[in-house]
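Letters A, B, ... are given to chains in the order of the sequence lines, protein chains preceding strands, and every chain is numbered from 1.
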2 protein chains.
Amino acid sequence: MTILDWTARFKGTAELPMEVRERLNKSAHVTQIKTGDQVFGPMNIPDSLFFLYEGRIRVSQTSDVGREIVLYRIEAGDSCVLTTACMLAEEAYNAEGIAETDVTVVVLPKPAFDRLSSEEDAFRNFVFAAYSRRLIDLLRVVDDVAFGRIDVRLAERLLTLGDGLKEVRATHQDLASELGTAREVISRVLNDFQKRDLIEQSRGLITFKDKAGLRAIANFA
Amino acid sequence: MTILDWTARFKGTAELPMEVRERLNKSAHVTQIKTGDQVFGPMNIPDSLFFLYEGRIRVSQTSDVGREIVLYRIEAGDSCVLTTACMLAEEAYNAEGIAETDVTVVVLPKPAFDRLSSEEDAFRNFVFAAYSRRLIDLLRVVDDVAFGRIDVRLAERLLTLGDGLKEVRATHQDLASELGTAREVISRVLNDFQKRDLIEQSRGLITFKDKAGLRAIANFA
DNA sequence: GCCGGTTAGGTGACAATGTCACTGACAATC
DNA sequence: GATTGTCAGTGACATTGTCACCTAACCGGC
């Protein structure tokens with residue numbers, strides 16, 4: 001049973017008639033997930049559509065030797081289509097979603113999803129748009145990985161992760177997993193950034209000293 | 001005006017009631033595209049959904065320095081959701097689709113698409129499934145590019161391109177564009193393959209001598 | 001045939017990135 | 001302060017990407 005009216009949070013549901021929203025509030029249920037917990041993964045493929053009510057989920061892929069790369073992040077108000085994608089395609093995959101913050105998820109069972117996407121244009125468009133965003137995200141990842149330099153990519157990612165902040169709390173290994181590279185590579189580049197007075201480092205913490213300088217590197221490519 | 005009944009070709013339409021299919025045959029129109037022509041691209045974003053009736057389309061992405069990588073291929077019976085994805089997301093992208101063979105495309109205008117995806121479950125599921133396949137394809141590309149060795153990737157790709165054949169007609173540059181790498185790299189690896197008696201080379205042509213050996217390399221990772 | 005232009009492919013030097021093995025630094029805990 | 005685990009630094013080396021330049025094969029015309 002649901003207390004909060006989550007339907008207001010999502011573009012695809014906020015515009016629906018009140019009676020539909022009430023029906024939805026009944027058929028979906030709300031779950032809490034704690035920071036660091038897995039939302040979905042290769043062993044844990046849900047048969048429902050996820051809506052992220054609050055928090056942030058990091059979706060990443062892991063190679064068979066254990067290296068990791070972050071594919072994209074799901075923010076509040078967005079839906080997670082990857083799991084449904086894999087469901088539909090009935091294919092193995094090795095992406096997983098990790099809650100980066102405490103997360104509130106709305107789980108919509110497949111029957112309700114089907115009915116809704118057939119009856120409500122707004123909802124269907126919302127879902128299509130979600131798919132589209134993910135496709136575009138992945139195009140960007142492919143472009144970065146295939147053609148980008150890592151100093152550029154690292155500068156970009158640092159600025160994104162530390163947007164509006166003075167520092168980024170992350171180990172070199174964390175950053176390596178963001179970009180799908182090795183820790184040593186991150187160490188090298190960060191040391192270079194430090195020599196150029198763009199950042200300061202301490203254990204698990206990177207402090208900005210010259211964001212403009214980093215932006216110059218990030219925008220270079 | 002359409003002569004052929006293309007609706008039989010697609011999972012999402014073949015099962016529809018006859019009267020719906022007849023309506024579809026009227027609202028969509030069929031286009032021919034010649035080998036090598038661009039089906040869509042950054043400068044040419046159509047506002048319709050594509051169905052590939054016959055032929056094959058290669059979807060690739062180009063870096064800003066001109067290097068290219070093949071993302072996936074669209075085969076007959078499949079639909080092309082990337083263009084609609086980009087339409088919906090209203091974002092720039094730099095993927096393009098090239099006809100690899102002479103191609104017959106069914107173009108379904110957006111209004112018809114909307115009506116159909118709301119009224120017909122089979123059609124909607126077909127479209128969702130198409131999105132899913134593309135997402136999965138891209139996950140695979142990311143995995144390959146981020147974590148794969150190129151000798152492995154090249155062996156794989158050669159076997160795919162030459163499936164059931166004795167040879168592959170492609171220049172080193174073509175293969176480089178398949179994998180998103182540089183021609184010199186392909187040359188090196190192919191020379192290595194040749195030294196190991198896995199292939200023979202001549203201008204624009206690679207002949208298999210030991211497919212099992214290639215498979216061993218391809219499956220290694 | 002020959003000639004000249006175009007394209008495909010080869011090569012070596014070097015730069016960038018990834019891998020490996022090992023080391024030391026730091027923090028938490030007992 | 002000794003122990004333990006995590007984090008980061010380092011040098012050697014392998015792989016991959018870049019650059020400049022070269023040669024070989026093909027193609028069209030004559």
J.: Would you check if Ser79(A) and Phe10(A) make a side-chain contact, meaning some heavy-atom pair closer than 4.5 Å?
T.: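 No, their side chains stay 4.5 Å or more apart.
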J.: Roughly how far, to the nearest 0.5 Å, is the CG atom of Asp143(B) from the CZ atom of Arg67(A)?
T.: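 Separation between the atoms: 10.5 Å.
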J.: Check whether any side-chain heavy atom of Arg56(B) lies under 4.5 Å from a side-chain heavy atom of Val103(B), and answer yes or no.
T.: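 Contact flag for Arg56(B)/Val103(B) side chains = no.
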J.: Residues from residues 191-202 of chain B sitting under 4.0 Å of DNA chain C, heavy atoms only?
T.: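 Here the set is Asn191(B), Ser202(B).
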J.: Which distance, rounded to the nearest 0.5 Å, do you find between the CG of Asp151(B) and the CD of Glu156(B)?
T.: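 Going from CG on Asp151(B) over to CD on Glu156(B), the span is 10.5 Å.
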J.: How close do Arg9(A) and Tyr53(A) get, heavy atom to heavy atom, and via which atoms?
T.: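 Where Arg9(A) meets Tyr53(A) most closely, the heavy atoms are NH1-O, 2.7 Å.
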J.: Nearest whole Å is fine: how far is dG10(C) P from Leu175(B) CG?
T.: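 Rounded to the whole Å, the gap is 12 Å.
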J.: Report yes if at least one side-chain N or O of His172(B) is closer than 4.0 Å to OP1 or OP2 of dG10(C); otherwise report no.
T.: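 Yes, within the criterion.
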J.: Leu154(A) CG to dA16(C) P: how many Å, rounded?
T.: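 Roughly 16 Å, once rounded to whole Å.
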J.: Determine, for nucleotides 17-30 of chain C in 5'-to-3' order, which nucleotides have protein heavy atoms under 4.0 Å from the base (write B), from only the sugar-phosphate (write S), or from neither (write -).
T.: BBBBB---BBS---
J.: Just wondering, do Phe193(A) and Leu214(A) contact through their side chains at under 4.5 Å, heavy atoms?
T.: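 Yes; the side chains approach each other to less than 4.5 Å.
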J.: Would you kindly give the CD-to-P distance between Gln173(B) and dG9(C), to the nearest whole Å?
T.: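 Nearest whole value for this atom pair: 10 Å.
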J.: Between dG17(D) atom P and Ile69(B) atom CD1, what is the distance in whole Å?
T.: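 Taking atom P of dG17(D) as the reference, CD1 of Ile69(B) is at 10 Å.
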J.: Measuring only between side-chain heavy atoms, which start at C-beta, is Glu96(A) closer than 4.5 Å to Gln61(A)?
T.: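 No; the side chains remain at least 4.5 Å from each other.
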J.: Once you round it to whole Å, what is the distance between C1' of dA8(C) and CZ of Arg169(B)?
T.: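 Those two atoms, CZ and C1', are 13 Å apart.
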J.: Would you indicate, yes or no, if dA8(D) has its OP1 or OP2 atom less than 4.0 angstrom from a side-chain nitrogen or oxygen of Ser187(A)?
T.: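 False: Ser187(A) side-chain N/O out of range (4.0 Å or more) of dA8(D) OP1/OP2.
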J.: Verify the ring-centre separation between Phe128(B) and Phe128(A): is it less than 6.0 angstrom?
T.: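 Between Phe128(A) and Phe128(B), the centre distance is under 6.0 Å.
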